[in-house]
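Encoded as structure tokens, the structure appears first; notes follow it.
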Amino acid sequence: MDKKSYEPCATEMLSLAKANKVETVWDRYEQQLPQCGFGLLGVCCRLCWKGPCRVNPMGDGPDRGVCGADVHTIVARNLIRGIAAGTAAHSDHGRHIAKTLLEMSEGHAPDYVIKDQEKIHAIAARLNISPEGKAHNQILREIALATLEDFSRQDEKIPCTWLELTIPAARLAKLTALGVVPHNIDASIADIMARTHVGTDADPVNLLLAGLRGSLADYTGMYLATELSDALFGTPEPVVTSANLGVIKANCVNIAVNGHNPLLSEFICDMAAELNAEAIEAGADGGINVVGVCCTGNEVLMRRGIPLATNYLSQELPMLTGALDAIVVDVQCIMPSLGKLSECFHTKLITTMSSCKIPGATHIEFHTQTARESSREIIRLAIEAYNRRDYDKVNIPQHSNTVIGGFSAEAIVEALRKLDANDPLKPLLDNIVNGNIQGVALFAGCNTPKVPQDQAYLTIAKELAKRNVLLLATGCGAGAFAKAGMMTMEATEEFAGDSLKAVLRAIGEAAGLKGPLPLVLHMGSCVDNTRAVSLAVALANKIGVDLDQLPVVASAPECMSEKALSIGTWAVSLGFPTHLGVIPQVLGSSVVVDVLTEKAKDLTGGYFIVETDPQAAAQKIYTAIQDRRQLLGI
């Protein structure tokens with residue numbers, strides 16, 4: 001691979017890293033080559049100490065592990081364990097938000113307030129919680145307890161509330177018939193771990209069905225996390241900001257927030273404003289500049305317009321600018337390498353969660369009861385670090401692009417309401433039916449050094465846009481588009497097909513943007529993929545169809561993490577064709593491959609499309625959209 005990244009800041013900083021002999025994720029990837037062929041196929045098993053076992057699917061060598069497990073069992077077990085881990089990560093995030101709501105109702109989280117009262121009342125209505133005669137804190141308590149029941153319910157006949165109430169009835173019936181509807185998020189994770197223990201489930205199809213159930217538990221945890229976060233911190237509305245490493249400012253105390261949980265980052269932003277004068281007094285005449293990395297960056301971008309420095313794969317590079325004074329991390333997708341790298345610079349790496357500690361970091365334990373105190377301590381550590389900055393090491397790339405973000409489902413519906421106040425979904429639906437919009441594609445997923453960073457996202461998006469496909473994005477995919485200037489009106493004018501451009505222009509101008517909506521609509525962090533589902537469900541319910549009949553697809557061109565695996569699996573479970581741009585570790589089992597790419601069509605209506613070539617992937621995604629249009633007769 002000649003080109004490591006498709007964006008200029010990364011290319012510039014990687015040259016700097018090489019010149020200064022600073023190791024990055026790309027270097028460590030190359031050190032691992034060639035990677036284990038058994039691992040890439042998913043046919044190595046280390047679930048017990050009789051192994052590790054390596055089974056050769058090509059017929060040359062052992063065809064079973066010591067216990068007798070064949071390639072199909074081994075691959076299926078490995079796959080669904082990854083789904084369980086992804087589900088655990090997302091649902092733990094959601095549980096933390098729900099517990100904070102409960103603490104607020106009991107007066108134990110005094111620093112937090114509900115910023116979107118309309119949203120909290122909408123959530124109460126969705127959960128069938130009546131506000132009649134109840135104090136505000138009582139409503140919060142009932143919402144929190146009803147939500148937390150999805151983590152503890154013991155009656156297996158009752159579906160998770162946040163799943164049952166957010167998908168079409170026909171979809172729920174289909175999933176119930178398959179026996180994959182979760183009653184309890186934690187129980188679904190425990191079930192996967194129990195059945196993959198040595199000497200338990202050996203049927204690959206039965207294992208995969210457990211994986212579907214686990215993935216739907218992931219969907220449940222993600223949905224409730226997004227909804228409750230919106231109530232707590234505000235439902236995103238369109239906001240203009242910028243992205244790429246050029247958002248770091250030489251005359252400021254620069255603080256990056258990295259990870260996935262907004263409970264702390266919201267207060268970092270508040271405290272940065274409160275202590276701005278202290279930074280100026282310390283010599284930073286620009287004050288404090290908060291920037292985002294990865295999905296915590298997306299959270300504060302969506303709600304506050306905080307600029308985004310970069311996405312997952314290049315999270316080391318802000319430190320290489322020599323001007324990053326602190327990087328504050330919470331959980332998930334945080335490279336342990338940041339600890340070692342911080343030794344080469346003045347940057348203060350600060351961990352905040354008990355579940356995420358990194359050697360070389362300063363740990364400031366975050367608790368909801370003391371959010372403001374922790375944030376104040378963190379900001380002052382960043383100001384202290386600024387005073388140790390070595391200006392000979394400062395090298396900030398001068399690249400940044402405008403970003404128009406903040407497109408929650410509510411924000412999109414509100415924009416459509418400007419065209420039809422009585423029936424806001426009608427303009428979108430009409431334009432899908434008449435072909436002005438051929439379909440909708442949601443870009444999600446991560447980054448990986450196995451392919452040039454961001455390239456596949458941009459290539460596929462441009463191909464689909466010129467064919468009049470509406471583009472949505474979350475997570476590190478959204479970061480790729482933000483850095484490249486694809487979330488602008490100018491990108492719409494340059495890359496959208498004529499009919500898509502006309503629709504985006506009509507909506508944007510009606511909404512008062514004085515131009516079209518951006519080419520790619522930023523819907524939030526990776527946990528916010530359910531925003532796109534809520535929009536799809538609204539369309540499906542309006543016309544009386546199930547989700548697998550809509551011309552809606554998902555794409556993860558650089559899928560990498562176990563969370564991406566669980567997201568992709570629930571997308572297939574809900575009925576969406578789902579593209580993967582990196583080959584998953586399943587090729588060792590023809591049975592697993594067949595279930596995921598073919599038999600899933602009969603089971604759920606969704607299926608995986610695995611295609612590593614971006615041009616070919618765009619064609620296959622577009623073909624899937626056309627297939628759905630044909631079935632709908634449009």
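Because the structure is predicted, anything quoted here is derived from the model rather than measured. The figures that follow rest on heavy atoms only: side chains count, while hydrogens, waters and symmetry mates do not. One is the number of the first residue; the rest follow in order along the sequence.
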Parallel, tilted or perpendicular: which describes the rings of Trp162 and Tyr223, with under 30° parallel and over 60° perpendicular?
tilted
Practice problem: Salt-bridge test for Lys599 and Asp602: reply yes if a basic N is under 4.0 Å from a carboxylate O, no otherwise. | Solution: no
**Request:** Inspect the contact between Glu316 and Lys340 and indicate whether a charged nitrogen and a carboxylate oxygen are less than 4.0 angstrom apart.
**Result:** no
*asked:* One thing to verify: whether Lys18 and Glu23 come together as a salt bridge, which I'm taking to mean a side-chain N less than 4.0 angstrom from a carboxylate O.
replied: no
Next on the checklist: For Asp548, is there an ion pair with Arg171 - N to carboxylate O distance below 4.0 angstrom?
Outcome noted: yes
Practice problem: Answer yes or no: is there a donor N or O on one side and an acceptor on the other, between the side chain of Thr459 and the main chain of Ala456, under 3.5 Å? | Solution: no
Would Asn311 and Asp454 count as having a side-chain donor-acceptor pair, cut-off 3.5 Å?
yes
| query | Does the pair Asp201 and Arg77 meet the rule for a salt bridge (Lys or Arg N to Asp or Glu O under 4.0 Å), with working shown? | reply | CA-CA 9 Å; Asp201 199 347; Arg77 288 193 307 203; over 6 Å; no
* **Asp330 and Thr296: side chain donor to acceptor below 3.5 Å** => yes
Exercise. Please confirm whether the backbone N or O of Ser525 pairs with a side-chain atom of Asp528, one donor and one acceptor, at under 3.5 Å?
Key: yes
Here the gap from His90 atom NE2 to Leu224 atom CG, rounded to the nearest 0.5 Å, amounts to 11.5 Å
CD1 of Ile248 to OG1 of Thr321, rounded to nearest 0.5 Å, is 4.0 Å
Do NZ/NE/NH1/NH2 and the carboxylate oxygens of Arg213 and Asp191 come within less than 4.0 Å?
yes
Practice prompt. Determine, for Phe495 and Lys466, whether the Lys NZ or Arg CZ falls below 6.0 Å from the six-membered ring centre while staying within 45 degrees of the axis.
Written response: no
